[in-house]
Amino acid sequence: MSDNLFADLRILVLDTITALYPDLAPDALARIEITPTREAAHGDVATNAALIAAKPLGLKPRAIADALAAALLTRAFVTKAEPAGPGFVNLTLAPAAWQAQILTILHSGEAFGASKLGQGAKVNVEYVSANPTGPLTVGHCRGAVVGDALANLLAKAGYDVTREYYINDAGAQVIALAWSVYWRYLQALGTTMTEAEFATATPTGLQYPGDYLVPLGAQLAAAHGDALSGPGFTVADPALWLDIVRSFAVTAMMDLVRADLAALNVRHDVFTSEAALIAGGGVERAEAALRARGLLYEGILEPPKGKTPEDWEPREQTLFRATDFGDDVDRPVRKSDGSNTYFFNDIANHANKMARGFDQMIDVWGADHGGYVKRMQSAVRALAGNGAAQLDIVLCQIVRVLKDGVPMRMSKRAGTYIELADLIDAVGPDVVRFIMLMRKSDAQMEFDLDAAVAQTRENPVFYVQYAHARCRSVLRAAATTSELGDTSDAGLAAADLASLTAPEELALIRRLAAWPRLIEAAAIAREAHRIGFFLYDLAGDFHALWNAGRTEASLRFIQAEAPGPTRARLALVAATAVVIRSGLAVMGVAPVEEMR
RNA sequence: GGACCCGUAGCUCAGCUGGAUAGAGCGUUGCCCUCCGAAGGCAAAGGUCGCGCGUUCGAAUCGCGCCGGGUCCGCCA
C-alpha cells in the first residue's frame, strides 16, 4: 500500500483485468483509470477498464465489465462491484479501507500527497522576470504566485525543481531607467532645468517619472556630488555617467523587486542576469549552435498583413528559421542595425538552462507575450536537436482589480498603476496568493478587493481558513479533556476508527484520500489552481459534517461519555487539518489556528 | 489579414485531458441556533455548455467553419 489509495486501486484493477485477459496491450492498460464517483449510488469509485479494453479485445464493454466486476468482488476490501452504464465498474470499498486512510495521513503528516511522479527529474521554472525598472505591479503578481505555487506543486510531485528569475537588465528599458534616475540626480543637486527641457535633452525621454526614483537621485548625489553632472547641473556626456547610473539603478530596482517578492512569500533559487549572460558569451554560443544547423540566415521579412506600419520599409535582418518548427514566420534575432533582439538573448537564456542540465523548462509569462510562445518553443526544439528538451509556457491573463465594483485602471505612464505592495497592504499576502490561484491562469480574472476581505463563504480564503481553524478549535478543546487520552496527531493515529461510518464522515474521508491523486493530475497539467478548488470542496465537506452535528447528536465531535468514538472523530478532524495544511503549503499560504 | 486565449445558470467561475442525470458560490424563494463558533448548514427554482457540421459505443471536453470578447503581430522587453 502507498499513500495513494487511487493508485493502489488502479494496480488492483490492472492485476485483475490482465489475469482475465492476458493479451491486453500495455498502451490500453495505460489509459485505465480510477475516478471518484459523483453520486453515492454509483459506489465509491469507478473504473473505465472495460470500456478501454473492449476495442482491442473485440468484445462488448458490458461483457468485460460483468467478468471484471465478478473478479474484483473476490478481492480484499471490495464489498460491491457492479457493472454500470455503458461499461463502467462501480466499486464500493469496505469502510475499513477508507478509515485506514486517516492513519496514513496522520503518519505521513503534511508530506501526505507527495508523489514520485517526477522521479527526481530536473525542472526549471522561470517566473516573474519583470524588467528591473520599478516596483512590481499586480500584473506581475499573478505570474509570481502562479509560478511559485507551480514550483511547489512540482516539487511535491517528485520533481527536482529550480526556481529561476531572469533579470532583463540589458536593453533599452534599462537605459531609459538610467536616464530617468539621472533626472532625479540632477534634481537632487538643484538643477534649474525643467522636466520638459530634460526630456528633450535625452535620447529616451523621461519614461519613468514615478516618485520611487527620487531617493535614488538623492543617494547618487550624496555618493558622487556633482561629479556626474555637467556645468550648472546640466546633462553631462553619458560616457561619463551612464554605466555608473545604470548599474546603480538596476541594483536598487532589484532590491525593490526582491522586497516585493519577499512580502508575497515568493522565492527563487537562481537570479540570472541577461547582461551577465551576454557578457559571458552566451549569445555567441547560441548563435554558433544554430548556425551549425543552418537555422540562421540574412533576409527581409514581409510587413504584417493588414497592419503595415506607416514607417515600414524592407530591411535585411538576421532571421531564425522558426517556420521549420511550426512557427508562422521566421523571427528576427538581430535588428536592422545589427544589434541583437531580445529574442536572441532569450534563446541564449534557454540554451544556458539546457547546458545546466534542464531538459524540462517551464516559463510563466504574461498574456502580452502570447505571440512569443511558438518562437521560443521553436528555438528550444532547434537547440535540442534530437534531444528531449521541452519548454512549456504557462500564460497568465490580465488581472483587473475591482474596488467598490469599479475596475482600477493601470497606467504606468500616469503613475496610477497599482503596485503589488499596495495590494498586499490592503489584504495581506495569503489572501492575494489564494485568490490569484482561484482561477485558471489562462482565463482573465477580476480581483475584487471587497470580496477578498469578506468573511463569508463567497471568499474562498476565509472559507478554507475557517475550516482549519475549526479543526484546531476542536482539537484544542479535546486536549483539555483528560479522559480522551493523547490527542496529538501521533496519539490519534492509534485510535480505533471502526465507528466512522456516517455518510458525512465517509464523504470527508473520500475527499482526503483524493489529495495524492489531485497532486499528480495538477502537476501533469501544470495547473496550480486545482489545489485551491480542492481545498474549497474539502472545507465544504468539513463544514457540512460540523453542522450535521447540530441536528444529529451522534455526529458531534467531542462526547465525553464515549471516549472511543470521540477519538476516532478527532483522528478524522486531525487528518482534515493535515490535508488542509498540506494544500495551503503548496499554495504558499499560512494556515490560521483561530479566526480573529 | 494572421497567431494565441476565453465563451458553461441572471452574475462570478469549476468541470479531474472523451464518460453515467453538466456542478459550486453570489443573487432569488423556503427552512435550521437552550447544543463543540449561525463568520455556518439544508432545500427549491434556474442550462439549446456561443452557433453549425464532423470524429465514435459516448463530446462542455477532440477536429473544421462561423459569431462575440481579449492579448498581440520587424526596428520594445
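Every chain is numbered from 1, with letters handed out A, B, ... down the list of sequences.
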From [options], pick the nucleotide closest to the side chain of [X]?
X: A367(A); options: A77(B), U71(B), G41(B); answer: U71(B)
X: A544(A); options: G74(B), C42(B), C76(B); answer: C42(B)
X: K55(A); options: G40(B), A77(B), U56(B); answer: U56(B)
X: E527(A); options: A3(B), G15(B), A77(B); answer: G15(B)

### Row check, F344(A) ring normal vs R334(A) NZ/CZ: under 6.0 Å, within 45°
no
Nucleotide paired to [N] in any strand shown, Watson-Crick or G-U, under 3.5 Å:
N: C42(B); answer: G30(B)
N: U71(B); answer: A3(B)
N: G65(B); answer: C51(B)

To the nearest Å, how far apart are [X] [atom1] and [N] [atom2]?
X: N168(A); N: A77(B); atom1: CG; atom2: P; result: 9 Å
X: F462(A); N: G25(B); atom1: CZ; atom2: P; result: 15 Å
X: R400(A); N: C5(B); atom1: CZ; atom2: P; result: 21 Å
X: R375(A); N: G2(B); atom1: CZ; atom2: C1'; result: 13 Å
X: W515(A); N: C16(B); atom1: CH2; atom2: C1'; result: 13 Å
X: Y372(A); N: G74(B); atom1: OH; atom2: P; result: 13 Å

Considering only distance and modelled atom types, tabulate donor-acceptor pairs under 3.5 Å from the side chains of residues 552-572 of chain A, sequence neighbours left out.
| from | atom 1 | to | atom 2 | distance (Å) |
| --- | --- | --- | --- | --- |
| E552(A) | OE2 | S554(A) | OG | 2.8 |
| R556(A) | NE | G549(A) | O | 2.8 |
| Q559(A) | NE2 | A553(A) | O | 3.1 |
| Q559(A) | NE2 | S554(A) | O | 3.3 |
| Q559(A) | NE2 | R556(A) | O | 2.8 |
| T566(A) | OG1 | Q559(A) | N | 3.1 |
| T566(A) | OG1 | Q559(A) | O | 3.0 |
| T566(A) | OG1 | A562(A) | O | 2.9 |
| R567(A) | NH1 | L484(A) | O | 2.7 |
| R567(A) | NH1 | D486(A) | O | 2.9 |
| R567(A) | NH2 | G491(A) | O | 3.1 |
| R569(A) | NE | R556(A) | O | 2.8 |
| R569(A) | NE | F557(A) | O | 3.2 |
| R569(A) | NH1 | S554(A) | O | 3.4 |
| R569(A) | NH2 | R556(A) | O | 3.4 |

When the [atom1] atoms of [N] and [M] are considered, how many whole Å apart are they?
N: A59(B); M: C53(B); atom1: C1'; value: 14 Å
N: A22(B); M: G15(B); atom1: C1'; value: 8 Å
N: U8(B); M: G47(B); atom1: P; value: 15 Å
N: C4(B); M: A44(B); atom1: C1'; value: 43 Å

### Task
Give, ordered by number, those residues of residues 329-341 of chain A having at least one heavy-atom distance below 4.0 Å to an atom of RNA chain B; if nothing qualifies, reply none.
P332(A), K335(A)
### Query
Listed in order of residue number, which residues of residues 431-442 of chain A have a non-hydrogen atom at under 4.0 Å from RNA chain B?
R439(A), K440(A), D442(A)
With sequence neighbours excluded, residues passing side-chain hydrogen bond (donor to acceptor under 3.5 Å, both in side chains) with [X]:
X: D430(A); answer: none
X: H42(A); answer: none
X: R142(A); answer: none
X: S129(A); answer: E126(A)

#### Entry: Sequence-distant partners of D328(A), salt bridge (charged side-chain N to carboxylate O under 4.0 Å, His left out), two or more places apart
K374(A)
#### Entry: Contact under 4.0 Å: H529(A) side-chain N or O vs G15(B) OP1/OP2
yes
### Query
Would one find a side-chain N or O of Y342(A) under 4.0 angstrom from OP1 or OP2 of C75(B)?
no
Kindly give the atom pairs (protein nitrogen or oxygen, nucleotide nitrogen or oxygen) under 3.5 Å for nucleotides 59-70 of chain B.
| from | atom 1 | to | atom 2 | distance (Å) |
| --- | --- | --- | --- | --- |
| G70(B) | O2' | Q444(A) | NE2 | 3.1 |

### Message
Once hydrogens and angles are ignored, does a donor-acceptor distance under 3.5 Å link the base of C16(B) to the side chain of R530(A)?
### Response
no
### Task
Produce a footprint string for nucleotides 28-36 of chain B: one letter per nucleotide, 5' end first; B if the base is under 4.0 Å from any protein heavy atom, S if only the sugar-phosphate is, - if neither.
-------BB
For residues 43-69 of chain A, which side-chain donor-acceptor pairs fall under 3.5 Å, sequence neighbours excluded?
| from | atom 1 | to | atom 2 | distance (Å) |
| --- | --- | --- | --- | --- |
| D44(A) | OD1 | R510(A) | NH1 | 2.7 |
| D44(A) | OD2 | L93(A) | N | 2.9 |
| D44(A) | OD2 | W98(A) | NE1 | 2.8 |
| T47(A) | OG1 | E33(A) | O | 3.2 |
| T47(A) | OG1 | A49(A) | N | 3.2 |
| N48(A) | OD1 | E33(A) | N | 2.9 |
| N48(A) | ND2 | R31(A) | O | 3.4 |
| R62(A) | NH1 | G85(A) | O | 2.9 |

### Query
Syn or anti: how is C33(B) classified when any glycosidic angle within 90° of 0 counts as syn?
syn
### Message
Whether the side chain of T341(A) engages the backbone of P332(A) through a donor-acceptor N/O pair (distance < 3.5 Å, no angle test) should be reported.
### Response
yes
Tabulate protein N/O versus nucleotide N/O from nucleotides 20-24 of chain B, keeping only pairs under 3.5 Å, one per line.
| from | atom 1 | to | atom 2 | distance (Å) |
| --- | --- | --- | --- | --- |
| A20(B) | OP2 | R38(A) | NH2 | 2.5 |
| A20(B) | N6 | N90(A) | OD1 | 2.7 |
| A20(B) | N1 | N90(A) | OD1 | 3.0 |
| A20(B) | N1 | N90(A) | ND2 | 3.1 |

